[in-house]
2 protein chains.
Amino acid sequence: MSKLNAAPTLGDVAKKAGVSTATVSRCLNDPKRVVEATRERVMSAVEALGYTPNFAAQVMAAKRSLTIGAIIPTMENAIFARGLQAFQEELHSRGYTLLVSSSAYDPKIEKEQIRTLVARGADGILLIGHERDPAIHDYLARQNVPALVAWSYRSDAPLPSIGFDNRAAMFDLTCKVLDHGHKSIAMISGISSGNDRARERIEGFQAAATANGLDPQALPIIESSYDIESGAAAFSKLITSTPRPSAVLCGNDVLAAGAIKRATEMGLHVPNDVSITGFDDIELARVVSPALTTVHVPHRKMGRRAADMLIAMVEGSFSGTSKQLETHIIERASLGPARVT
Amino acid sequence: MSKLNAAPTLGDVAKKAGVSTATVSRCLNDPKRVVEATRERVMSAVEALGYTPNFAAQVMAAKRSLTIGAIIPTMENAIFARGLQAFQEELHSRGYTLLVSSSAYDPKIEKEQIRTLVARGADGILLIGHERDPAIHDYLARQNVPALVAWSYRSDAPLPSIGFDNRAAMFDLTCKVLDHGHKSIAMISGISSGNDRARERIEGFQAAATANGLDPQALPIIESSYDIESGAAAFSKLITSTPRPSAVLCGNDVLAAGAIKRATEMGLHVPNDVSITGFDDIELARVVSPALTTVHVPHRKMGRRAADMLIAMVEGSFSGTSKQLETHIIERASLGPARVT
DNA sequence: ACGCAAAATGCAAGCGCTTGCATTTGGGCT
DNA sequence: AGCCCAAATGCAAGCGCTTGCATTTTGCGT
């Protein structure tokens with residue numbers, strides 16, 4: 001059945017156990033369909049040969065891979081780590097395997113990765129954010145691969161989603177900052193192009209300003225890529241604005257960590273000289289000093305629910321409704337009252 | 001060839017282009033073997049149908065997947081992130097795809113993941129560290145899947161490796177700390193069981209102590225899992241030792257970040273009251289304050305070279321020699337002179 | 001003992017692709 | 001025009017597994 005020194009196949013096991021390949025297959029996939037005595041014989045043959053099923057062949061024959069793909073914008077910081085971890089744990093407990101790849105926030109790469117995951121037989125795909133070429137939806141529909149969007153809730157989007165309201169969360173946080181008496185505020189955002197989460201957070205920021213009688217056009221906003229150094233650089237620029245901001249709201253915790261770092265390097269005390277806030281509440285938020293006031297996102301819950309929903313979609317028992325989760329503000333030392341001038 | 005509303009196959013493309021499946025296949029994999037006119041016809045059929053090759057079928061027929069698997073102990077912190085990123089970039093540029101999974105530092109899980117990756121047709125596998133059940137080597141040999149060990153160099157190990165000398169690096173760092181006049185030092189290590197890197201770092205620490213006239217048995221060492229909170233907890237314990245350590249060396253930067261955090265919370269100034277060092281030089285080392293004195297590891301270089309070596313192994317052109325890389329100490333503010341008492 | 005339905009197992013047809021080998025085609029020469 | 005060889009293409013056999021259907025075995029009731 002197979003040459004010397006090659007991996008053993010189902011056929012090898014079957015021959016050794018004196019049964020047909022069908023029986024071996026059933027023994028492995030649905031043991032109760034095989035009588036005890038036979039099963040034992042087969043299992044010990046499997047053991048003796050060190051047999052491992054060939055995944056490609058399984059996928060091909062069964063037309064299902066029990067594999068879910070996820071494409072996240074970046075693995076370089078921990079923004080998605082906790083949620084993804086929970087996602088994967090839940091998938092695992094349901095018998096699915098997770099394949100992850102990162103798109104570096106590039107729509108071209110994301111498109112490529114989607115094709116790759118589909119080609120690899122992913123039964124379903126998890127995507128981040130709603131914004132992408134509609135052709136992708138057609139492609140996924142044509143290939144019969146369900147997809148779910150996470151980290152961003154929207155009820156009217158082409159793909160079902162699970163997440164929270166980025167705009168409202170940032171609105172609330174901005175209000176909280178203004179409540180501390182800050183009049184001159186600024187924002188360091190992630191790159192908003194192709195990133196609905198970043199854009200919605202900007203909108204929330206501006207809307208809160210408007211609602212509190214500030215002119216949103218007058219508030220400086222710098223877009224920056226999501227790493228600590230860029231956050232630091234953006235802070236440097238922002239802090240020279242006139243009037244100098246007394247509070248800088250950041251699009252996520254990584255940017256905020258960069259801002260704090262730079263502020264400290266410049267001899268500014270946080271929050272006495274300048275308040276800084278983050279978004280996401282990743283571990284980093286508690287490590288920097290002072291610890292970050294930030295928006296807590298229920299990462300693990302989101303991951304678990306995402307797994308639930310996507311599996312339901314794959315198995316054809318999906319209700320079709322998107323799911324919105326709540327966020328809340330965590331106050332830590334990086335936000336203080338505006339200094340009286 | 002294929003039913004309505006199902007993904008198009010090679011056969012569909014062939015029919016549409018009026019050629020055989022063989023020609024389509026060659027067109028896609030080795031275009032120069034097909035004459036221009038035909039190629040164009042085929043390509044536009046591919047385009048029109050939105051055809052994507054079925055990966056499982058390709059693997060099955062070609063018996064090669066152009067996929068490399070990597071199993072790392074954890075994705076939860078950034079220890080392996082940079083190296084893995086470089087590894088993946090290099091693989092990508094050579095036409096290979098990377099599949100990553102994490103073992104949570106559990107040998108059982110690692111074993112399982114190895115089988116999974118092999119079953120998925122990985123052409124080669126990257127592992128971290130040398131310590132594992134020898135049966136795994138047999139299994140890999142039997143399945144004809146080459147494996148390379150990274151993050152730990154050893155010339156006499158069963159598997160070829162690329163990495164650095166963890167023992168020597170920690171030895172040097174410890175000497176450096178002692179040079180600063182510290183007499184009472186302690187270490188927070190990762191869990192050494194099943195982790196040769198952690199164990200070698202402990203050895204280096206103890207050897208340096210011995211070489212400097214200290215009794216290594218007298219130096220407190222706490223093993224702790226690799227996260228910030230555990231590092232903080234370990235620091236709490238350590239700092240109550242008698243005599244109180246004036247310098248705490250940590251097995252990696254994450255532990256050191258936890259130690260700094262706790263020290264600060266306890267009102268201890270780093271480095272005036274206590275010096276703290278890390279290992280790995282990940283981004284976190286520069287974010288914490290004070291920034292960490294640590295061992296710089298050439299992550300990106302290691303990743304790139306690992307890709308080189310593993311591809312060579314897969315393609316059968318491997319020299320067989322392991323590769324050792326150099327590390328060096330980065331001095332930042334977290335290490336200061338011992339206080340004169 | 002015998003007959004029968006149910007349980008257990010076997011048969012064999014694919015799944016979509018690659019590739020060695022056979023066949024056809026196309027040019028360049030004579 | 002007629003040949004010949006190389007280039008282009010087609011044929012068809014797998015790759016290792018799952019699964020619908022057919023066949024055999026088992027266990028019971030009578």
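Atom set for the values below is all heavy atoms of this structure, side chains included, hydrogens, waters and symmetry mates excluded.
- Checked against C/dT18, D/dG16, D/dT9, the side chain of B/R33 finds its nearest nucleotide in D/dT9.
- Partner of A/Q113 under the side chain to side chain contact (heavy atoms under 4.5 Å, CB included) criterion, chosen from A/L127, A/D106, A/I71, A/V118: A/I71.
- With DNA chain D read from its 5' end, the first of the two nearest nucleotides for B/T38 and B/K63 is the one closest to B/T38.
- The side chain of B/N29 contributes an N or O atom lying less than 4.0 Å from OP1 or OP2 of C/dT18.
- Using a 4.0 Å heavy-atom criterion, one finds that B/T23 contacts the sugar-phosphate atoms exclusively.
- OP1 or OP2 of D/dG10 lies within a sub-4.0 Å distance of a side-chain N or O belonging to B/S20.
- For D/dT18, the OP1/OP2 oxygens have a side-chain nitrogen or oxygen of A/Q58 closer than 4.0 Å.
- The side chain of B/T21 places no N or O atom within less than 4.0 Å of a non-bridging phosphate oxygen (OP1 or OP2) of C/dC17.
- Using a 4.0 Å heavy-atom cutoff across all strands shown, B/F55 reaches no nucleic acid atom at all.
- When each of B/R26 and B/A57 is assigned the nucleotide of DNA chain C with its nearest heavy atom, B/A57 is the one assigned upstream, toward the 5' end.
- For the residue pair B/S225 and B/Y105, no side-chain donor N or O sits within less than 3.5 Å of a side-chain acceptor on the partner.
- In the set C/dA8, D/dT18, C/dC17, C/dC17 carries the atom at the smallest distance from any side-chain atom of B/L10.
- The side chain of A/M60 has D/dG16 as its nearest neighbour among D/dG16, D/dT18, D/dT9.
- Of all nucleotides listed (C/dA12, D/dC17, D/dC21), D/dC17 comes nearest to the side chain of A/P53.
- Residues B/E89 and B/R300 are in side-chain contact: their nearest non-hydrogen atoms beyond the backbone lie under 4.5 Å apart.
- The residue B/V59 sits apart from the nucleic acid: no heavy atom pair falls under 4.0 Å.
- The shortest side-chain heavy-atom distance between B/C27 and B/T38 does not fall under the 4.5 Å cut-off.
- Distances were taken from every side-chain heavy atom of A/V35 (C-beta onward) to each of C/dC15, D/dA8, C/dT9; the shortest belongs to C/dT9.
- Considering every non-hydrogen atom in both A/I79 and A/W151, the closest pair reads O-CZ2, 4.2 Å.
- Nucleic acid contact for B/A22: base, since at least one base atom lies under 4.0 Å from a heavy atom of the residue.
- Distance B/K32 NZ to D/dT9 P: 15 Å, rounded to the nearest Å.
- Atoms CZ (B/R64) and C1' (D/dC15) sit 13 Å apart, rounded to a whole Å.
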